[in-house]
There are 2 protein chains.
Amino acid sequence: MDSQYKSAGIENGVTNDRVKEVAVANKRKMRGCDLVLRFLALAFSLTAAVVLGVDKQSTTVAVTLVSSLPPVNIPVTATWHHLSAFVYFVVANAIACAYATISLLLTMGNRGGKKGLATMIVVFDLVMVALLFSSVGAAGSIGLMGYQGNSHVQWKKVCNVFDKFCNQGMVAMGLSGVASILFFLLVVLAT
Amino acid sequence: MDSQYKSAGIENGVTNDRVKEVAVANKRKMRGCDLVLRFLALAFSLTAAVVLGVDKQSTTVAVTLVSSLPPVNIPVTATWHHLSAFVYFVVANAIACAYATISLLLTMGNRGGKKGLATMIVVFDLVMVALLFSSVGAAGSIGLMGYQGNSHVQWKKVCNVFDKFCNQGMVAMGLSGVASILFFLLVVLAT
């Protein structure tokens with residue numbers, strides 16, 4: 001009986017050690033995933049902010065001032081700070097990028113796995129999910145209006161004139177969409 | 001010595017019981033909070049969807065067809081399905097409301113606290129945070145454009161004509177904003 005208990009004890013000890021090893025390996029894997037996702041979120045939000053931030057197109061539009069005279073070519077410029085939704089988008093992505101950098105450094109420094117800091121990071125990741133999704137929604141709806149226009153409110157489409165500006169804007173929104181999904185995955189990983 | 005150990009054992013037993021009691025009380029409190037937040041999220045998203053869903057305003061606009069004739073009064077109507085951002089807003093809030101109902105029932109039924117189900121609910125809460133924030137962003141940017149217009153893209157403000165429609169729309173967005181914050185808090189509570 002005694003030897004039975006002893007061997008069971010040894011077996012249990014071995015099993016516990018294995019469980020601990022697996023837990024440590026899982027924790028390391030999760031940490032690795034967290035760091036990679038955070039770095040990618042930083043890269044995507046930075047690129048999105050820069051792509052829309054440098055987006056500018058100058059062209060000329062033919063405008064008829066007096067019906068008896070030929071139309072006059074007027075120079076027009078499209079840039080991100082002409083529309084408040086695009087300003088919000090660039091600012092939100094810049095904030096997300098700055099936060100991703102800070103949180104990356106904090107996560108790398110938090111080797112002991114302090115619970116308070118980890119929870120704070122998850123909450124701020126969640127704030128970034130909210131911020132980025134709302135900014136993509138805001139810029140996306142204005143972008144769609146630019147592509148399609150709306151007859152009910154008499155807003156004409158402008159992307160037939162500013163084609164390069166609109167296409168670059170859509171790329172920025174796609175990049176920011178990926179960044180927001182990465183922050184989403186970071187929260188899922190922590191949960 | 002023996003009695004010392006015994007009394008320490010009894011004390012430890014009492015402490016453990018107390019810790020367990022506190023843990024159970026905390027769990028109950030958290031569950032109560034979760035149910036209240038979920039019910040409020042359901043109520044706010046439902047109200048937001050209904051408030052924008054029934055939002056309609058008919059008025060007349062004076063339009064000059066020929067410069068030599070007096071302007072003609074043309075009847076115009078504003079409704080949520082004229083703008084794709086508002087359609088997205090109503091659909092997103094309807095989905096959030098339906099999900100809040102289902103998750104409320106599942107949480108009430110999950111008394112055993114099954115971990116798999118609880119995790120699934122947190123992930124879907126997070127999906128609702130993303131969905132609602134993006135819909136508020138989309139509808140908000142179009143609403144702001146309706147209030148202010150934009151001279152760069154020649155989109156004139158329409159809320160001076162459709163004042164009642166715009167104000168009701170802003171109320172719906174405020175309600176949906178509260179619903180999205182409630183889903184946000186549900187994820188924070190679970191974390």
Side-chain angles (χ1 to χ4, degrees), chain A residues 61 63 67 76-79 81-89 92 118-127 129-146 148-159 161-162 177 180-181 183-188 190-191, chain B residues 61 63 67 76-79 81-89 92 118-127 129-146 148-159 161-162 177 180-181 183-188 190-191:
Chain A
V61 182
V63 179
S67 56
V76 281
T77 302
T79 177
H81 54 78
H82 282 170
L83 289 152
S84 47
F86 289 171
V87 173
Y88 177 50
F89 179 89
T119 310
M120 207 186 72
I121 287 176
V122 178
V123 172
F124 276 100
D125 285 350
L126 193 53
V127 172
V129 170
L131 187 72
L132 285 185
F133 269 100
S134 68
S135 78
V136 170
S141 66
I142 293 293
L144 197 70
M145 187 61 80
Q148 299 185 333
N150 191 291
S151 59
H152 300 286
V153 283
Q154 297 287 320
W155 294 346
K156 284 176 190 163
K157 59 179 171 185
V158 287
C159 286
V161 179
F162 299 111
S180 45
I181 289 166
F183 276 112
F184 180 99
L185 289 176
L186 276 169
V187 179
V188 171
T191 318
Chain B
V61 181
V63 179
S67 57
V76 281
T77 303
T79 176
H81 53 79
H82 283 170
L83 288 152
S84 46
F86 289 171
V87 174
Y88 177 50
F89 179 89
T119 309
M120 207 185 71
I121 287 175
V122 178
V123 172
F124 276 100
D125 284 350
L126 193 53
V127 172
V129 170
L131 187 73
L132 285 185
F133 270 100
S134 68
S135 78
V136 170
S141 67
I142 292 293
L144 198 70
M145 187 62 80
Q148 299 184 333
N150 190 292
S151 60
H152 300 285
V153 284
Q154 297 286 321
W155 292 346
K156 283 176 193 162
K157 59 180 171 185
V158 287
C159 287
V161 179
F162 299 112
S180 44
I181 289 167
F183 276 113
F184 181 99
L185 289 176
L186 276 169
V187 180
V188 171
T191 316

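Chain naming here is simple, since letters A, B, ... match the order of the sequence lines and numbering starts at 1 in each.
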Practice item. Against chain B, label A:Ser84 side chain, backbone, both or neither, depending on which of its atoms sit under 4.5 Å from a heavy atom there. Key: side chain
Practice item. Counting only heavy atoms closer than 4.5 Å, note whether A:Val136 contacts chain B via side chain, backbone, both or neither. Key: neither
Exercise for review: Specify the closest pair of heavy atoms between A:Ala138 and A:Ser141, including all atoms of both residues, with the distance to one decimal.
Suggested key: O-OG, 3.0 Å
Point to revise | chain B contact via A:Val188 - which portion, at a heavy-atom distance below 4.5 Å | key: both
Check your understanding: Checking heavy atoms, do the side chain of A:Ala190, its backbone, both or neither come under 4.5 Å from chain B?
Key -> neither
Check your understanding: Is the shortest heavy-atom distance from the side chain of A:Leu83 to the side chain of B:Met145 under 4.5 Å?
Key -> yes
**Study point:** Contacting region of B:Val127 [heavy-atom separation from chain A under 4.5 Å]
**Key:** both
Revision key, fill the gap. To the nearest 0.5 Å, atom CZ of A:Phe86 lies from atom OG of A:Ser135 at 11.5 Å
**Study point:** Heavy-atom pair count under 4.5 Å with chain A, highest-scoring of B:Val129, B:Val187, B:Ile142
**Key:** B:Ile142
Review point. Between A:Tyr88, A:Trp155, A:Phe133, which has the largest tally of heavy atom pairs under 4.5 Å with chain B?
Key: A:Trp155
Point to revise | chain B contact via A:His82 - side chain, backbone, both or neither, heavy atoms under 4.5 Å | key: both
Practice item. Among the options A:Leu126, A:Asn150, A:Thr191, A:Val158, pick out the one with the most heavy-atom pairs lying under 4.5 Å from chain B. Key: A:Leu126
**Study point:** Where B:Ser180 and B:Gly177 come nearest, the two heavy atoms and their spacing
**Key:** OG-O, 2.7 Å
**Study point:** Distance (rounded to the nearest 0.5 Å) between A:His81 NE2 and B:His152 NE2
**Key:** 8.5 Å
Exercise for review: Kindly indicate whether the side chain of B:Phe162, heavy atoms from C-beta on, has any atom under 4.5 Å from the side chain of B:Val76.
Suggested key: yes
Check your understanding: By a 4.5 Å heavy-atom criterion (distance strictly below it), what part of B:Val153 contacts chain A: side chain, backbone, both, or neither?
Key -> both
Exercise for review: Measure distances from B:Leu144 to the heavy atoms of chain A and classify the residue's part below 4.5 Å as side chain, backbone, both or neither.
Suggested key: side chain
